[in-house]
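Numbers for residues simply follow the sequence, beginning at 1.
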Amino acid sequence: MIGESVENASRRKWSDYSFVNAPSAGSNFIRQYVERFNTVSYFNEYAGLLSYFYVLGQYLAPYIRIPIHGSHIDCRTHVYWIQESRTGKSVAWDFTAKLLRALDIEAESFTAGSDAKLIGTVEKVPIMGENGKPTGEHDVEVIPGLLNGYKTLLFDEASVLLNDQKAYFSDKILYLQQAMAPLGSETNVLVKHLVGGSVHTPSGVSLWMTTFPPKDIMSHVLEKGFFQRVFLYQNSVDIETRQTTSEHRMSGAYVPVPDKIWSYDDLAKSIKQTGDIIRGRILTAAGMSEEDYSKLSDVEKERLAIKHRYDVFQVSSNFYPALLNAVDDYYALVRQVRNDNIRETAMSFLPNVENYTLIFTNLIAATMGSTKLTSDHVMMATEIIFDNLNNLFIWLEEKESYKQAKNTEGVMKQWKKAWGKCHKMVNNRVNREVVRKSQIVEIYSKLTGIAERTARRRIDEMIMSGVVKTVKDGRLVFVYFEV
């Protein structure tokens, strides 16, 4: 099954997904969504699907809590999109932000700023006496930050977050990781203690982060935990696609969007209807009116969502087998990764992949207007996630192979330089030029500034790998390179 899935993943297009082409009003809507997305961000259809999950996930975030044994997750989608510059990432956010505002969802951006900008701060407000003059005493007023409450937040050049040479950016990563923790959990509340008081920030923010491929991206993906908490989407745009995009863009000058493609207002209206249905299920279960719900505090609404987490959707009998099949496919994909380091990193991605399988399943069921989670919804979600995971592993392996090749090239360059300074002789047994092992080790040690024992260990490793061959003449050991 996995072999067929990998083959399908390599050639599957967005329009092939079951979620997109099912004979239903929900699938018709998602086709319209991506078609509208394509009018501004060309040939980025997969990102268009992520945009939809991002928008709907944020819109339904106050209502859906997905129970997993004694804990839960929420339905937000946090996207980290890596793609070359000038290929449609920024205009994709323009589309998404315009739709978010049509849904009355706040859409903010962050490029630089202090901790206070993100998590908030406190200000002393003087208490005035009856005579209108300060009494000398103060009240403390909390000024909310960008991560406070339900909203969306863009990091347009998210590569700056990877600059861990400065504690400033390391702190930001910690705040963002907490913001992505499940709504209603203790870890979702960001706390900063200040001289004038403490700031407690419960965060319902969805994060949308885009960047060109940074030079040191591999070290961050392999060694840091941040990417294991986002939906990491990497896409490479080759020159042929760039030219096709340019031709499409230029041929669209003065050409209006066809009337058959839905407007932003049409898309927003449909999403609002989905939201009304999901919220209505909670209110029905709670025996509460819209007016009563509107009077609840944020804390009370959160408690209500958690209390009625089993009342938003029922579960069909084929739901769990489909989930277990998805897990089996994901692990089979990991087992195909040849590089040990990449495989270890791949395994660390899987808990989040499993979370997004549940999240996308819930959002797809909501889109379809279903009251029950079924195997069809799981398989629709799994197709989309599996393809991204497969492409991500291929990209990681290619990057690591290139890195290893460059490292080998650099090492060989130093050894060849040392070789050039050695006394050479032709060995008749192998009919090759050879040099004494002790001499090349000594010269390599001096050229690189490392100890001779380290140089000797390195050449022994190259001998074990077959890059360097040895030949003996009595007690003397000579070496020559196979590459």
| message | Between W93 and L100, is the side-chain contact (heavy atoms from CB on, under 4.5 Å) condition met? List the steps. | response | CA-CA 10 Å; W93 173 254; L100 287 166; 4.1 Å; yes

| said: Using the side chain to side chain donor-acceptor pair (under 3.5 Å) criterion, which residues pair with D265? Sequence neighbours excluded. | reply: none

| message | Show, in sequence, the C-alpha distance, side-chain angles and deciding distance for L147 and L176, and conclude whether the side-chain contact (heavy atoms from CB on, under 4.5 Å) test is met. | response | CA-CA 8 Å; L147 292 177; L176 297 183; 4.1 Å; yes

| query | With a 4.5 Å heavy-atom cut-off, do N28 and W262 have their side chains touching? | reply | yes

| query | Using a distance-only test with no angle check, is there a side-chain donor-acceptor pair under 3.5 angstrom linking Y17 and D387? | reply | yes

| said: Under 3.5 Å, is there a donor on one side chain and an acceptor on the other for S316 and Q314? | reply: no

| What pairs with F349 under ring-ring contact (aromatic ring centres under 6.0 Å, His included), at least two apart in sequence or on another chain? | none

| query | Can you check whether F393 reaches Q336 side chain to side chain, under 4.5 Å on heavy atoms? | reply | no

| query | Is K89 reaching over with its side chain to a backbone N or O of Q83, donor-acceptor style, under 3.5 angstrom? | reply | yes

| said: Looking at T284 and R281, would you say the former's side chain and the latter's main chain have a donor-acceptor pair under 3.5 Å? | reply: no

| Minimum heavy-atom distance T361-A381, with the two atoms named | OG1-CB, 3.6 Å

| How far apart are the closest heavy atoms of L389 and V353, and which atoms are they? | CD1-CG2, 3.8 Å

| request: Mind jotting down which residue pairs meet the ring pair (Phe, Tyr, Trp, His ring centres under 6.0 Å) criterion with at least one end in residues 59-79? Sequence neighbours excluded, please. | output: none

| Does the S206 side chain pair with the main chain of K151, one donor and one acceptor, at a distance under 3.5 Å? | no

| So, T357 and Y330: side-chain donor and acceptor under 3.5 Å apart, yes or no? | yes

| Side-chain contact, heavy-atom cut-off 4.5 Å: T241 with D238? | yes

| message | Between D266 and K269, does any side-chain N to carboxylate O distance fall below 4.0 Å? | response | no

| So, T187 side chain and Q178 main chain: donor-acceptor pair closer than 3.5 Å or not? | no

| request: Kindly write out the residues that satisfy side chain to side chain donor-acceptor pair (under 3.5 Å) with E354, not counting sequence neighbours, or none if the list is empty. | output: none

| request: Output yes when a side-chain donor or acceptor of R229 lies under 3.5 Å from a complementary backbone atom of N352, and no otherwise. | output: no

| task | Name all residues meeting the side-chain contact (heavy atoms from CB on, under 4.5 Å) criterion together with P23; count only those two or more places apart in sequence or in a different chain, and write none if there are none. | result | none

| request: Name all pairs fulfilling the salt bridge (charged side-chain N to carboxylate O under 4.0 Å, His left out) condition that reach into residues 24-50, sequence neighbours left out, sorted by first residue then second. | output: none

| task | Verify, without hydrogens or angle tests, whether N339 (side chain) and I342 (backbone) share a donor-acceptor contact under 3.5 angstrom. | result | yes

| task | Locate the shortest heavy-atom distance separating E290 from R279; write the atom from each residue and the value. | result | OE2-NE, 3.1 Å

| task | For the pair W81 and Y233, name the ring-plane relationship: parallel under 30°, tilted 30 to 60°, perpendicular over 60°. | result | tilted

| message | Are F95 and Y33 an aromatic pair, judged by ring center distance below 6.0 Å? | response | yes

| note | The complete set of ring pair (Phe, Tyr, Trp, His ring centres under 6.0 Å) pairs with one or both residues in residues 297-324, sequence neighbours excluded, reads none

| For the ring pair F155 and Y80, is the centre-to-centre distance below 6.0 Å? | no

| query | Taking S41 for the side chain and F37 for the main chain, is one N or O donor matched with an acceptor at less than 3.5 Å? | reply | no

| message | Quick check on D276: does its CG atom have over 12 non-hydrogen neighbours (other residues, nucleotides or ligands) under 6.0 Å away? | response | yes

| request: State, yes or no, whether a side-chain contact exists between L49 and V20 at a heavy-atom distance under 4.5 Å. | output: yes

| said: As a quick check of understanding, evaluate side-chain contact (heavy atoms from CB on, under 4.5 Å) for I68 and L358, giving each step before the final call. | reply: CA-CA 10 Å; I68 305 175; L358 289 169; 3.7 Å; yes

| query | Run the side-chain contact (heavy atoms from CB on, under 4.5 Å) check on I271 and L99 step by step: do they pass? | reply | CA-CA 10 Å; I271 292 172; L99 183 57; 4.1 Å; yes

| request: Using atom types as modelled and distance alone, determine if a side-chain donor or acceptor of N21 lies under 3.5 Å from a backbone N or O of D16. | output: yes

| query | Where do I64 and C75 come nearest, in terms of heavy atoms and distance? | reply | CB-SG, 3.9 Å

| Side chain to side chain, N388 and I385, heavy atoms closer than 4.5 Å | no

| query | Just by modelled atom types, is the A181 backbone N or O under 3.5 Å from a matching donor or acceptor in the N188 side chain? | reply | yes

| message | Is it the case that atom CD in E300 sees more than 12 heavy atoms from other parts of the structure closer than 6.0 Å? | response | yes

| Sequence-distant partners of S270, side chain to side chain donor-acceptor pair (under 3.5 Å), two or more places apart | none

| message | Does anything in residues 61-84 form a salt bridge (charged side-chain N to carboxylate O under 4.0 Å, His left out)? List the pairs, not counting sequence neighbours. | response | R65-E302, D74-R76

| said: Using the side-chain contact (heavy atoms from CB on, under 4.5 Å) criterion, which residues pair with F212? Sequence neighbours excluded. | reply: S85, E157, S159

| query | How would you list, by chain and number, every residue that makes a side-chain contact (heavy atoms from CB on, under 4.5 Å) with M288, sequence neighbours excluded? | reply | L283, A286, D292, Y293, L296, L304

| Distance-only side-chain donor-acceptor flag, S51 / T96, under 3.5 Å | yes

| said: Taking atom NZ as the centre, does K372 end up with more than 12 heavy-atom neighbours from other residues, nucleotides or ligands that are less than 6.0 angstrom away? | reply: no

| pair L373-V378: side-chain heavy atoms closer than 4.5 Å | no

| Under 3.5 Å, is there a donor-acceptor pair between the S203 and T201 side chains? | no

| task | State, to 0.1 Å, how close L207 and Y54 come at their nearest heavy-atom pair, and which atoms those are. | result | O-CE1, 3.3 Å

| message | Holding to side-chain contact (heavy atoms from CB on, under 4.5 Å), I want the full list of residues that pass it with S348, two or more places apart in sequence or in another chain. | response | Q228, T345

| request: Decide yes or no for T274 and L56: does some side-chain heavy atom of the first lie under 4.5 Å from some side-chain heavy atom of the second? | output: yes

| request: Identify the two heavy atoms, one from I261 and one from T39, that lie closest to each other, and give their separation to 0.1 Å. | output: CD1-CG2, 4.1 Å

| Do T245 and T87 have side chains that get closer than 4.5 Å, going by heavy atoms? | no

